[in-house]
2 protein chains.
Amino acid sequence: MADLRRPERTFTIRQLCNEFKATPRALRFYEDKGLLNPAREGLNRVYSHKDRVRLQLILRGKRVGLSLSEIRELLDLYDENDQGAAQMARSLKKFRERATALEQQRDDIDSAIVELREACDRLEKRLGEIRPDLLPRAADYEQVLRARLDGHAEAMLGK
Amino acid sequence: MADLRRPERTFTIRQLCNEFKATPRALRFYEDKGLLNPAREGLNRVYSHKDRVRLQLILRGKRVGLSLSEIRELLDLYDENDQGAAQMARSLKKFRERATALEQQRDDIDSAIVELREACDRLEKRLGEIRPDLLPRAADYEQVLRARLDGHAEAMLGK
DNA sequence: GCACAGGTTGACGTTTACGTAAGCGTTGAC
DNA sequence: GTCAACGCTTACGTAAACGTCAACCTGTGC
């Protein structure tokens with residue numbers, strides 16, 4: 001009948017779930033938390049294109065690590081005044097803050113990685129001293145040995 | 001009396017808490033979970049140097065993002081046989097896995113940062129079109145304006 | 001008339017790492 | 001003598017984001 005892409009098209013909960021790989025429970029949960037507000041047809045939820053967009057925004061927010069309540073705040077801002085430049089400015093601020101926080105988080109992770117790598121190196125060294133046979137990727141050592149036999153010393157120096 | 005650094009020195013819960021910026025509740029919690037097992041003097045906990053080291057390992061594990069149960073596994077491995085090379089090998093494996101997971105996590109964060117930055121740029125652009133006065137860090141714009149007046153065009157090109 | 005698919009509303013369960021009392025004992029300072 | 005500081009145990013509370021029932025309704029095809 002009607003073109004499924006026409007803007008007045010509506011969606012069932014499952015359609016959106018399939019499209020965005022979410023669960024009905026999740027969408028209902030978002031509604032519970034005030035992030036969505038689909039129309040009803042009797043009891044059944046009926047999602048409009050606007051709802052779909054909101055859902056997209058929610059999921060995007062989640063991807064960048066915003067909490068549902070933060071996402072809600074942003075969504076509310078847009079609702080108050082869809083054209084409000086002030087709201088855009090606040091969103092921008094929020095995004096910037098989040099980006100900064102993420103960079104901090106990434107640096108923390110990098111530190112953790114360094115700490116882990118160092119621990120790995122120490123373990124590897126001691127293991128190599130007492131039980132080289134237990135070292136993972138023994139195949140690499142065979143390569144080294146073969147290289148040695150072949151007189152390709154550079155293979156041991158890494159590149 | 002005795003040198004506080006002598007190995008037979010013991011610690012109270014609060015001393016360790018102060019040293020490592022933890023709370024008594026946390027140490028008791030770790031004990032509850034089987035990560036620590038301090039001696040008792042009546043009811044009071046008495047931490048030895050070994051306990052202190054364990055606590056250090058616990059906190060290090062936390063810093064790199066291991067869960068308490070994972071940390072516990074590792075500590076248990078060391079306990080079973082303090083010299084066991086096999087256990088070292090398993091720890092090494094665990095660390096490697098964690099490092100890999102962390103790198104994945106870091107990449108995810110990087111993606112999120114990119115997504116956020118793009119959103120920021122879009123917002124900034126549209127805001128600049130409709131309400132440039134709301135743009136954050138208006139001071140920079142004043143700088144640009146001043147640079148323009150001064151004929152220093154390169155200041156606008158960044159660097 | 002009935003199973004079946006898919007919708008609904010509660011409401012409790014899960015996980016992690018503690019926080020936060022409540023209630024009580026011990027010790028040292030004043 | 002008593003108050004503060006510290007310690008103990010037991011146990012409920014918290015936060016996030018849903019998962020997982022249970023029990024019920026409802027339209028459809030056969």
Side-chain angles (χ1 to χ4, degrees), chain A residues 1 10-48 51-52 54-75 98 101-102 105 108 112, chain B residues 1 10-48 51 54-75 98 101-102 105 108-109 112:
Chain A
M1 324 294 179
T10 59
F11 308 84
T12 75
I13 194 168
R14 195 153 296 270
Q15 287 170 334
L16 287 187
C17 285
N18 289 338
E19 181 172 358
F20 296 113
K21 306 226 289 179
T23 66
R25 180 70 182 94
L27 297 212
R28 295 190 195 109
F29 184 75
Y30 298 153
E31 185 174 343
D32 231 49
K33 295 289 170 181
L35 283 85
L36 285 176
N37 226 17
R40 295 297 180 121
E41 208 169 72
L43 280 182
N44 290 18
R45 291 166 174 80
V46 178
Y47 295 88
S48 68
D51 293 322
R52 208 185 84 117
R54 283 179 79 91
L55 179 55
Q56 278 183 314
L57 290 176
I58 292 168
L59 297 177
R60 172 172 301 176
K62 288 203 58 183
R63 278 201 302 279
V64 303
L66 292 176
S67 73
L68 291 188
S69 62
E70 288 175 310
I71 295 171
R72 196 194 121 122
E73 286 173 32
L74 291 179
L75 256 37
R98 182 93 270 265
L102 279 179
Q105 207 177 325
D108 289 348
Chain B
M1 324 298 179
T10 59
F11 307 84
T12 74
I13 195 170
R14 194 151 296 267
Q15 285 170 335
L16 287 188
C17 285
N18 289 338
E19 182 173 356
F20 298 112
K21 306 227 288 178
T23 67
R25 179 71 183 94
L27 296 213
R28 294 190 195 109
F29 184 74
Y30 299 153
E31 185 174 344
D32 231 47
K33 296 290 170 179
L35 282 84
L36 285 176
N37 225 18
R40 296 296 182 121
E41 209 169 72
L43 280 182
N44 290 17
R45 290 166 175 81
V46 178
Y47 295 89
S48 68
D51 294 320
R54 282 179 79 90
L55 179 55
Q56 278 183 314
L57 290 175
I58 293 169
L59 298 178
R60 173 173 301 176
K62 289 202 58 184
R63 278 201 302 277
V64 303
L66 292 175
S67 73
L68 291 188
S69 62
E70 287 174 312
I71 295 170
R72 197 194 120 123
E73 287 172 31
L74 291 180
L75 289 174
R98 183 93 268 268
L102 280 179
Q105 207 177 324
D108 290 348
I109 288 181

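Every chain is numbered from 1, with letters handed out A, B, ... down the list of sequences.
C:dA17 atom C1' lies 16 Å from atom CD of B:E31, rounded to whole Å. For A:F29 and C:dT8, the CZ to P distance is 17 Å, given to the nearest whole Å. For the pair A:R28 CZ and C:dG10 C1', the interatomic distance rounds to 12 Å; values are reported in whole Å. Straight-line distance from the CG atom of A:L43 to the C1' atom of C:dT8: 6 Å, rounded to whole Å. For the pair A:L59 CG and D:dA17 P, the interatomic distance rounds to 12 Å; values are reported in whole Å. Atom CG in B:D32 sits roughly 14 Å away from atom C1' in C:dG19 (whole-Å rounding). The nearest whole Å value for the distance from the CG atom in A:L27 to the P atom in C:dT9 is 12 Å. Atom CD1 in A:I58 sits about 16 Å away from atom P in D:dA16, given to the nearest Å.
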For this session: Please assess B:R98 against B:E70 for the test salt bridge (Lys or Arg N to Asp or Glu O under 4.0 Å), listing each intermediate value before the final yes or no.
Result: CA-CA 11 Å; B:R98 183 93 268 268; B:E70 287 174 312; 5.1 Å; no

Exercise. Going through the checks in order, is the side-chain contact (heavy atoms from CB on, under 4.5 Å) test met by A:I58 and A:L36?
Worked result: CA-CA 9 Å; A:I58 292 168; A:L36 285 176; 3.9 Å; yes

For this session: Check the pair A:Y47 / A:L55 against side-chain contact (heavy atoms from CB on, under 4.5 Å), numbers first and verdict last.
Result: CA-CA 10 Å; A:Y47 295 88; A:L55 179 55; over 6 Å; no

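Side-chain nitrogen and oxygen atoms of A:T12 include none within less than 4.0 Å of the OP1 or OP2 phosphate oxygen of C:dG6. Distances shown here put every side-chain N or O of A:Y30 at or beyond 4.0 Å from the OP1 or OP2 atom of D:dA17.
Contact annotation for A:S69: no contact, since no heavy-atom pair falls under 4.0 Å across all strands. Residue contacts shown for A:R45 are limited to sugar-phosphate atoms, with no base heavy atom under 4.0 Å away. Using a 4.0 Å heavy-atom cutoff across all strands shown, B:R14 reaches sugar-phosphate atoms only and no base atom.
Relative to the side chain of B:K62, the nucleotides C:dT9, C:dC18, D:dC18 differ in distance, and C:dC18 lies closest. Taking the side chain of A:A26 as heavy atoms from C-beta on, and the options D:dC18, C:dT9, D:dC8, the nearest nucleotide is D:dC18. Side-chain atoms of B:L68 lie closest to C:dA17 of the nucleotides C:dA17, D:dG19, C:dT9.
When the options A:R25, A:R40, A:R54 are evaluated for a salt bridge (charged side-chain N to carboxylate O under 4.0 Å, His left out) with A:E31, the one that passes is A:R40.
Judged by distance alone, the side chain of B:D51 and the main-chain N or O of B:S48 form a donor-acceptor pair under 3.5 Å.
In terms of position along DNA chain C, the nucleotide closest to B:K33 lies nearer the 5' end than the nucleotide closest to the other residue of the pair B:R25 and B:K33.
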